[in-house]
Amino acid sequence: MFCPVCEAEYEPGITRCPDDGAELVERLTPEVTAHDHSEARFVPLHAFGNPAEAEMVADILQKNGIRAVVQSGGADAFAPLLSSAALGSSVLIDERDLDRAREIYQAFFGEDETPLTGSAEDGERS
């Protein structure tokens, strides 16, 4: 059994999702899921001085139904281990969600450029 809202899988016998109260379905299909799984075109929302901030913001956006990913470091295809450990990260979101993502970011962090430290010196606003 699956939740059509959060897409979590549950053991037989459970009929409602304990997290969001939705009635479970036997399988997830485009007709019953709340999420849009069509191909996304990702655009930058915000750049951060450290990956932890980017991960936190992406998590908040995802929990609010925004498709978000974190691009860390230089994202160098030839040195993926080094680039993922490098300082600096960007949150990329589906371009269709850009306005909503900006609203959510503003609601959580206001004008703070770097949510964990609250300083504008380390972040770069997109």
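These figures come from a predicted structure and were not determined experimentally. We use all heavy atoms of the structure for the numbers below, so side chains are in, but hydrogens, waters and symmetry mates are not.
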Original post:
If you round to the nearest 0.5 Å, how far is CZ of R27 from CE of M1?
Top reply: 12.5 Å
Original post:
What is the distance from atom CD of E9 to atom CD1 of I14, rounded to the nearest 0.5 Å?
Top reply: 10.5 Å
Original post:
How long is the gap from CG on D59 to CD on E55, to the nearest 0.5 Å?
Top reply: 8.5 Å
**OP:** Using a cut-off of 6.0 Å, state whether more than 12 heavy atoms not belonging to E23 lie near its atom CD.
**Re:** no
Subject >> Separation between CD of Q71 and CZ of F42, rounded to the nearest 0.5 Å >> reply: 11.0 Å
Original post:
Between Q62 and A68, is there a donor-acceptor pair closer than 3.5 Å when you use the side chain of the first and the backbone of the second?
Top reply: yes
Original post:
Does the pair L92 and V69 meet the rule for a side-chain contact (heavy atoms from CB on, under 4.5 Å), with working shown?
Top reply: CA-CA 5 Å; L92 307 176; V69 296; 3.8 Å; yes
Original post:
How would you list, by chain and number, every residue that makes a salt bridge (Lys or Arg N to Asp or Glu O under 4.0 Å) with D20, sequence neighbours excluded?
Top reply: none
**OP:** Take Y10 and T15 through the test side-chain contact (heavy atoms from CB on, under 4.5 Å) and record every step on the way to the result.
**Re:** CA-CA 9 Å; Y10 293 94; T15 59; over 6 Å; no
Original post:
Any side-chain heavy-atom pair from N64 and F108 closer than 4.5 angstrom?
Top reply: yes
Subject >> Hphob cluster co-occupancy, L45 + M56, side-chain heavy atoms under 4.5 angstrom >> reply: yes
Original post:
In terms of hydrophobic clustering (I, L, V, M, F, W, Y; side-chain heavy atoms under 4.5 Å; direct or indirect links), are V43 and V70 co-clustered?
Top reply: no
**OP:** List the atom of S89, the atom of P51, and the distance in Å for their closest heavy-atom pair.
**Re:** OG-CA, 3.2 Å
**OP:** Determine the sole option in V91, L98, I60, I93 for which the side-chain contact (heavy atoms from CB on, under 4.5 Å) test with I66 is passed.
**Re:** I93
Subject >> Test item: Y105 and H46 side chains (from C-beta on) under 4.5 Å apart, heavy atoms >> reply: yes
Subject >> Donor-acceptor contact present, side-chain D94 to main-chain D97, <3.5 Å >> reply: no
